[in-house]
Every structure is written in C-alpha cells, then in structure tokens.
2 protein chains.
Amino acid sequence: MKNINASGLKMTPQRVAILEYLHGNTDHPSAEDIYREIGKKYPMMSFATVYKTIETLKNRGELLELTIDPARRRYDPDTRHHHHLICVECKKIVDIYEDFQISVPEDHACSFEMIGNHIEFYGMCPECKKRKEPDLWENSPVTSAEQQKREGANRNSVLPAVNKTL
Amino acid sequence: MKNINASGLKMTPQRVAILEYLHGNTDHPSAEDIYREIGKKYPMMSFATVYKTIETLKNRGELLELTIDPARRRYDPDTRHHHHLICVECKKIVDIYEDFQISVPEDHACSFEMIGNHIEFYGMCPECKKRKEPDLWENSPVTSAEQQKREGANRNSVLPAVNKTL
DNA sequence: CTATTGACAATAATGATTATCCTTTGATAA
DNA sequence: TTATCAAAGGATAATCATTATTGTCAATAG
C-alpha cells in the first residue's frame with residue numbers, strides 16, 4: 001500500500017490515485033471506469049492520463065489487458081495466472097484461480113512455441129438468472145427501469161458471440 | 001453450394017459472395033478483411049453491407065465473433081465448439097479442436113449458471129520465431145521492410161496483455 | 001399494377017483509443 | 001534549497017472500428 005512502486009517510475013498524484021484504485025480491485029474496470037471513479041476525487045484528471053498510465057503499467061507487466069468484452073478493453077491488476085468467468089448478461093467478470101492443466105497436443109500445435117493460455121468461462125450470474133426467469137415469480141412485472149439499474153455493468157455491448165455457441 | 005441457405009434468408013449477390021468467402025475459411029478474418037477481399041470481385045459493395053451481413057449471421061448462430069484480438073473483431077464460420085491458438089507476434093489464429101474437459105469447481109463458480117468456455121492459447125508461430133531469433137543465423141540484417149511483409153496479419157495492434165503474463 | 005418489405009449504397013455519427021502539442025512538475029544533483 | 005530537464009499531465013484533435021440514418025431499388029404480395 002505504501003511504496004506502491006519503487007523502480008524508476010515517477011510518482012505523481014494522478015498515478016498514485018490510479019494505483020490505489022487498482023490495488024486489490026477485482027472489478028476488471030475499463031478505462032472509463034477508472035476515469036469516472038477517480039474523477040470523483042480528482043475532477044481535474046484528464047482521460048489521456050488514464051490511458052497513458054494504463055499503457056505504462058501494461059508495459060511494465062503490472063496490469064493485464066482483458067479482451068473478453070468486445071465493446072471495450074478491461075484491466076486486471078492481478079497479474080498472476082488465472083482465468084475469468086463472465087456473465088453473458090451483465091458482463092460481470094469473476095476471477096477463477098483454479099489451475100487447469102491444459103496443453104495443446106504436439107500435432108495440433110503447428111510447431112508453435114507455446115507461451116500461455118487463458119480460459120474464458122461464460123455463464124449467467126445469480127442476479128441475472130433470477131431477473132431472466134420471471135416464470136418462477138408468477139408474471140412478475142419487471143419494469144425496464146429495473147432492468148437498467150443493474151450495478152453499473154449493463155452497457156450497450158454485444159456479448160462475444162462465442163457465448164452463443166453454447 | 002447452390003442455395004447456401006434455405007431458411008428464410010433472402011439471398012443477394014453480396015450475401016452469396018460473403019457466404020462463399022466465409023465457407024470453410026479458417027483465417028478468422030475481420031470485417032475489413034472480408035470487405036477488402038470481396039471488393040476485388042465486387043468493387044461496388046458497401047462496408048455497411050459487410051457489417052450488416054455479419055450481424056445477421058451472428059444472430060442466426062452461423063458466425064462466431066472472436067474477441068482474441070483487442071484491435072478488431074474477428075469472425076469464425078466454424079460454429080463447432082473449439083479453441084484458438086494465436087501468435088502473439090503476427091496475430092495468426094489457428095483452430096484447436098481438442099476437447100478439454102474443464103469445469104469450474106462449484107465453490108468458485110459463485111452460483112453462476114455455466115454456459116460454456118473458450119480457451120485462448122498464446123504462442124509464437126514458426127515463421128515469427130525464426131524471424132525473432134537472428135542469433136541463430138549470424139547477425140542477419142533483418143530489414144524493417146522484411147519485418148513488415150509478414151502475410152497481411154501484422155497490423156498495428158497491441159497483443160492482449162494476457163500474453164505478457166505467460 | 002401498386003404497395004410493401006427487405007437489402008443496398010452512401011455517408012454521417014458514435015465511441016473507444018491514440019496522437020499531438022504545449023505546460024507543469026517530480027526527482028536529481030549542484 | 002534551487003536549478004535543471006526529462007518525464008508526465010491537460011486539453012484537444014485525429015484515427016479507427018463499428019453503428020445508425022436516409023433515400024433508392026428490387027423482388028414479391030395483394
């Protein structure tokens with residue numbers, strides 16, 4: 001928490017704010033999420049600064065860029081090897097720390113030098129599941145207003161069609 | 001080959017061209033790839049038509065949208081469940097048909113209703129590997145021109161930082 | 001034959017991300 | 001402590017992928 005970084009990175013109030021926001025964060029925020037949240041405390045922060053800091057952290061290997069959400073890039077400050085479970089409905093992302101022992105058999109690997117892997121699990125979170133099954137709750141009148149208010153997540157993005165596979 | 005689709009989708013020359021291009025294609029092309037390639041035969045085709053056709057096919061479950069490449073969406077006409085191996089250097093994507101038996105343990109699944117999964121493997125293809133190891137070939141003078149000409153793939157995109165994890 | 005519908009092309013609009021340009025500031029060493 | 005200077009910030013323009021809009025055309029239903 002204190003010396004968030006020590007190695008040759010010039011510390012500025014903006015960076016401290018971003019690093020503090022990111023530290024321990026498991027929300028997988030987008031650049032806009034970061035900008036909006038930090039803007040509450042530091043309204044003078046520029047969007048460009050957010051992007052530039054993200055770029056710097058990425059290059060230093062301190063921040064991962066997730067491509068799960070086709071509509072925007074999301075970031076994960078936990079650089080340990082892990083996987084992700086995404087709700088196809090509200091796009092909530094949950095970390096999965098299970099160590100799956102998967103590897104491509106030699107004959108399928110096309111002589112690639114393997115570097116790593118990342119698993120995307122698709123599912124529906126309990127909240128969305130309940131909301132999508134009004135059958136169980138009689139003909140519960142779900143207003144469109146209610147449909148919107150799902151904690152920040154529900155943007156206008158299409159989900160990765162991979163979901164539609166199965 | 002003739003009536004490429006039978007179920008209520010109006011066939012037009014543009015759609016036939018797109019479907020023919022996609023049929024059996026394993027290049028995982030982007031919208032622009034499709035537009036550019038088909039434009040060779042039908043120069044009057046609009047980019048909007050490509051996007052709309054993609055959208056239609058996606059909704060019909062005949063085309064998968066891949067989110068592996070953060071810079072652009074790529075499409076896969078093979079809707080069978082399979083995974084992908086991407087070259088972190090030239091972004092070439094190879095299909096992996098191995099059936100990995102992975103599942104998130106109950107206690108990690110956060111009560112999600114599981115729908116499916118998709119594995120992204122990262123690696124370096126033989127071509128890029130050789131190009132990146134001039135050590136083995138004396139101090140071979142790799143011109144930047146040579147670096148460019150790698151078959152169409154090498155765009156200006158950053159690779160998913162997940163790669164940098166390993 | 002005319003109305004309707006879906007698809008097309010052209011093009012404008014949007015949204016995320018990157019680049020530019022100039023000012024400010026943190027870290028270092030005199 | 002202060003001078004210095006490259007690195008970082010802010011404002012904003014530019015770019016790139018994608019989506020939306022609008023008017024036209026063609027095939028088909030009535």
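Each chain gets a letter, A, B and so on, in the order its sequence line appears, and its residues count up from 1. The analysis underlying the following values was restricted to heavy atoms, covering all of them including side chains, and did not include hydrogens, waters or symmetry mates.
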For this session: Test A:Glu127 against A:Lys130 for salt bridge (Lys or Arg N to Asp or Glu O under 4.0 Å), laying out the working first.
Result: CA-CA 5 Å; A:Glu127 293 78 18; A:Lys130 181 184 295 181; over 6 Å; no

Exercise. Sequence neighbours excluded, which residues qualify as ring-ring contact (aromatic ring centres under 6.0 Å, His included) partners of A:Phe47?
Worked result: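 Here the qualifying residues are A:Tyr35, A:Tyr51.
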
Nearest-Å distance, [atom1] ([X]) to [atom2] ([N])?
X	N	atom1	atom2	value
A:Tyr35	C:dT17	OH	C1'	14 Å
B:Met11	C:dG6	CE	C1'	14 Å
A:Asn59	D:dA8	CG	P	12 Å
A:Arg60	D:dA7	CZ	P	13 Å
A:Glu55	D:dG9	CD	C1'	16 Å
B:Glu32	D:dT19	CD	P	15 Å
A:Leu9	D:dA6	CG	C1'	14 Å
A:Arg72	D:dT18	CZ	P	14 Å

Exercise. Any side-chain donor-acceptor pair under 3.5 Å between B:Asp33 and B:Ser30?
Worked result: yes

Exercise. Any side-chain N or O of B:Tyr51 under 4.0 Å from OP1/OP2 of D:dT18?
Worked result: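 It does, given that an N or O in the side chain of B:Tyr51 lies less than 4.0 Å from OP1 or OP2 of D:dT18.
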
Problem set entry | Contact under 4.0 Å: B:Arg73 side-chain N or O vs D:dC16 OP1/OP2 |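 So the side chain of B:Arg73 is outside the cut-off, no N or O lying under 4.0 Å from OP1 or OP2 of D:dC16.
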
Exercise. Taking side chain as C-beta onward, heavy atoms only, is B:Arg15 less than 4.5 Å from B:Thr12?
Worked result: yes

Exercise. So do B:Lys92 and B:Asp27 actually touch side chain to side chain, heavy atoms under 4.5 Å?
Worked result: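 No, too far: nothing below the 4.5 Å cut-off.
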
Exercise. Where do A:Cys125 and B:Cys110 land on the side chain to side chain contact (heavy atoms under 4.5 Å, CB included) test, with the steps shown first?
Worked result: CA-CA 8 Å; A:Cys125 70; B:Cys110 302; over 6 Å; no

Problem set entry | Between the first and last five pairs of the helix from C:dC1-D:dG30 to C:dA30-D:dT1, the angle of the axes, rounded to 10 degrees |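 Both end axes considered, the difference amounts to 30°.
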
For this session: Verify side chain to side chain contact (heavy atoms under 4.5 Å, CB included) between A:Val50 and A:Glu32, making sure each step is shown before the conclusion.
Result: CA-CA 8 Å; A:Val50 174; A:Glu32 198 196 332; over 6 Å; no

For this session: Could I get the full list of side chain to side chain donor-acceptor pair (under 3.5 Å) partners for B:Asn25, not counting sequence neighbours?
Result: none

Report each atom pair, protein N/O against N/O of nucleotides 23-29 of chain D, whose distance is under 3.5 angstrom.
none

Problem set entry | Check against side chain to side chain contact (heavy atoms under 4.5 Å, CB included), A:Thr67 and A:Arg73 | CA-CA 6 Å; A:Thr67 59; A:Arg73 302 181 190 181; over 6 Å; no

Problem set entry | Intermediate values then yes/no, side-chain hydrogen bond (donor to acceptor under 3.5 Å, both in side chains), A:Tyr42 and A:Gln14 | CA-CA 8 Å; A:Tyr42 304 88; A:Gln14 293 89 335; over 6 Å; no

Exercise. Which parts of nucleotides 8-14 of chain C does protein reach within less than 4.0 Å, heavy atoms only, written one letter per nucleotide 5' to 3' as B for base, S for sugar-phosphate only and - for none?
Worked result: BBBB---

Could you list the donor-acceptor pairs under 3.5 angstrom formed by side chains in residues 94-103 of chain A, with sequence neighbours left out?
unit_1, atom_1, unit_2, atom_2, d
A:Asp95, OD1, A:His28, NE2, 2.8
A:Asp95, OD1, A:His82, NE2, 3.0
A:Asp95, OD1, A:His84, NE2, 3.1
A:Tyr97, OH, A:Asp78, OD2, 2.5
A:Asp99, OD2, A:Gln101, NE2, 3.4

